[in-house]
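If you're wondering where the values come from, they're calculated on a predicted model, not measured in any experiment. Note: hydrogens, waters and symmetry copies are ignored here, and every other heavy atom, side chains too, is used.
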Amino acid sequence: MANRYSFWSLLKHGLKHHETWQPAWRTPQLKPRYDVIIIGGGGHGLATAYYLAKNHGVKNVAVLEKGYLGGGNTARNTTIVRSNYLWDESAHLYEHALKLWEGLSQELNFNVMFSQRGVMNLGHTLQDMRDIERRVNANVLNGIDGVILSPKEIQDIVPLMDVSASTRFPVMGASYQPRGGVARHDAVAWGFARGASELGVDLIEQCEVTGMIIEDGRIKGVHTTQGDVFADRVGCVAAGSTSTLAKMAGVRLPLESHPLQAFVSESMKPCLDTVVMSNAVHGYVSQSDKGELVIGAGIDSYLGYGQRGSPHVIEHTAAAIIELFPSFSRVRLNRQWGGIVDVAPDACPIIGKSPVKGLYFNCGWGTGGFKATPGSGHVFAHTIANDAPHPLNAAFALDRFSTGHLIDEHGAAGVAH
Amino acid sequence: MFQLHCPHCGATREEEEFSYAGEAYIARPANPEEASDAEWGDYLFMRKNTRGWFWEQWQHTAGCRKVFVVKRHTASYQIAGSWTLAEGKAHYLKESEA
Ligand SMILES: Cc1cc2nc3c(=O)[nH]c(=O)nc-3n(C[C@H](O)[C@H](O)[C@H](O)COP(=O)(O)OP(=O)(O)OC[C@H]3O[C@@H](n4cnc5c(N)ncnc54)[C@H](O)[C@@H]3O)c2cc1C
Ligand SMILES: [Zn+2]
């Protein structure tokens, strides 16, 4: 590897005033043909390419990205990682990802700053608490760590939170997954990009796919802004833009794209060392290593491709956060942004084959796909390499929308990304 | 943030006063008993999710509570107009023929 990162390489390059580092990945020319084309250079697309090359020996792969690598939702999300989903199918999928997260920095030789600081989901009503109990019990049965906290226990972990009975929506308890946490979003994209590039994958930026070449119901290649490229297998991993690509292939998907917003505050001294989420009051917050509060809002209700959202959504979330953390009312906000998330009817992803042979989709991650990045790439690479799903994503095929086998995760997904 | 016009009560108000009600004019299978699983799944779940001009339903929830259609551009959020369901359908059908 051109740059094997270690204490010694840091010291060596440091002594040379850091002028000797090599670029982390190659910038190759687009070739006319590949074995596999991945559309979308976000975390999921890059992870897919990495595992194709690493685990399946498929190295003649291109990742086509219309902007720059990791500039989509990968760069815009609030980086919460957890696996405490209700149903077996999703719990296993997200737990698979969480296990990969636990070794990812070593695997990639890239510090993805995965910090298992715990994730807390608050309950504010009796029904919330019943749902939490049900979900934590389901998690424990699936071998996923989870406990139920009382307001007193919450207070011990998060002293700044107002858990008194005098708030508008009193905190009655929480579920807590100690192995959950946050990771550095950019580093995840960069780590997978570097690893994939090292294994021979061509990462092509500023290359938008504008059409699909399909003959006799089989994918043959794609039209791009840099010319036509051919491949017998194409994987679409384009988050909010997936429907646009599916339309090029004549495929209908059950997705709706919505803006989802987040914002960060000015940097402050450490004051919150876990992740706090609340579905009922619609907000969640953690503190980044830079000291900013990272706050996530809900989706805008309407279909939208503008990477911005309505201010009232932010206002709503800010109000909820201040209700929970009265002392945050004087914190100033620094930046606000939006990303386009692809929401599926059952709040679960679609990972698998499409009616067009050789064309695969990995989409529908909606508001909560960052946490799945390594797992998603891992099972999708398996699906493309074998033209058959991995056991962990078999239940997430597109045909569940005609068989009726939906996996309703609205309760565990909700606003809780 | 945008403002919507309600063709029923004539009010032009901020988006917050309305609720989104999804893609407009999804045709229900004429013979539900005979629809295949695929056709039924298509009706229930598959969506155009258009990037561009899009016909969608809104409900004036904090006003007259009636449902109407809006033609809106989903990337620029420009709004071409709002109509009652019946009036809008005539425009919609003319457009889809063209
Ligand atoms: C504000 C916000 C907060 C979030 N918070 C969380 C969270 O806390 N935890 C969590 O787990 N998830 C969260 N998510 C969801 C998460 O970000 C997404 O589910 C996930 O990033 C999707 O991953 P991706 O790599 O597939 O998407 P992206 O990073 O969006 O990658 C898709 C790529 O495809 C490219 N593309 C699209 N069309 C084309 C084309 N025609 N040709 C070539 N390239 C194309 C895009 O440019 C983009 O780079 C959040 C999302 C947002 C917006
Ligand atoms: Zn009205």
Chain B heavy atoms under 4.5 Å from [X]: which part of the residue, side chain, backbone, both or neither?
X: Arg308(A); answer: both
X: Ile340(A); answer: neither
X: Ser257(A); answer: both

Derivation of the side-chain contact (heavy atoms from CB on, under 4.5 Å) call for Arg252(A) and Asp42(B): CA-CA 8 Å; Arg252(A) 267 168 65 81; Asp42(B) 190 272; 3.0 Å; yes
Under a plain distance cut-off of 3.5 Å, with no hydrogens placed, do Glu14(B) and His312(A) share a side-chain donor-acceptor pair? no
Examine the side chains of Asp37(B) and Ser402(A) and answer whether a donor and an acceptor come within less than 3.5 Å of each other. no
[X] atom [atom1], neighbour heavy-atom count above 12 within 6.0 Å:
X: Gln3(B); atom1: CD; answer: yes
X: Glu95(B); atom1: CD; answer: yes
X: Trp55(B); atom1: CH2; answer: yes
X: Tyr68(A); atom1: OH; answer: no

Taking every heavy atom of Thr74(B) against every heavy atom of Leu303(A), the minimum-distance pair comes out as CG2-CD2, 3.7 Å
State, to 0.1 Å, how close Leu255(A) and Arg47(B) come at their nearest heavy-atom pair, and which atoms those are. O-CB, 3.8 Å
So, the part of Glu39(B) with a heavy atom under 4.5 Å from chain A: the answer is neither
Okay, Thr50(B) and chain A: the region with an atom under 4.5 Å from a heavy atom over there is both
Pick whichever of Arg72(B), Glu56(B), His73(B) has the most heavy-atom pairs under 4.5 Å with chain A. Arg72(B)
Can any side-chain N or O of Lys247(A) pair as donor or acceptor with the backbone N or O of Lys48(B) at less than 3.5 Å? yes
At what distance, to the nearest 0.5 angstrom, does CG of Asn49(B) lie from OG1 of Thr244(A)? 7.0 Å
To the nearest 0.5 Å, tell me how far Leu253(A) CG sits from Phe45(B) CZ. 14.0 Å
Would you call the rings of Tyr20(B) and Tyr302(A) parallel, tilted or perpendicular, where under 30° means parallel and over 60° means perpendicular? perpendicular
Suppose we call two aromatic rings close when their centres sit under 6.0 Å apart. Are Tyr305(A) and Tyr77(B) close by that rule? no
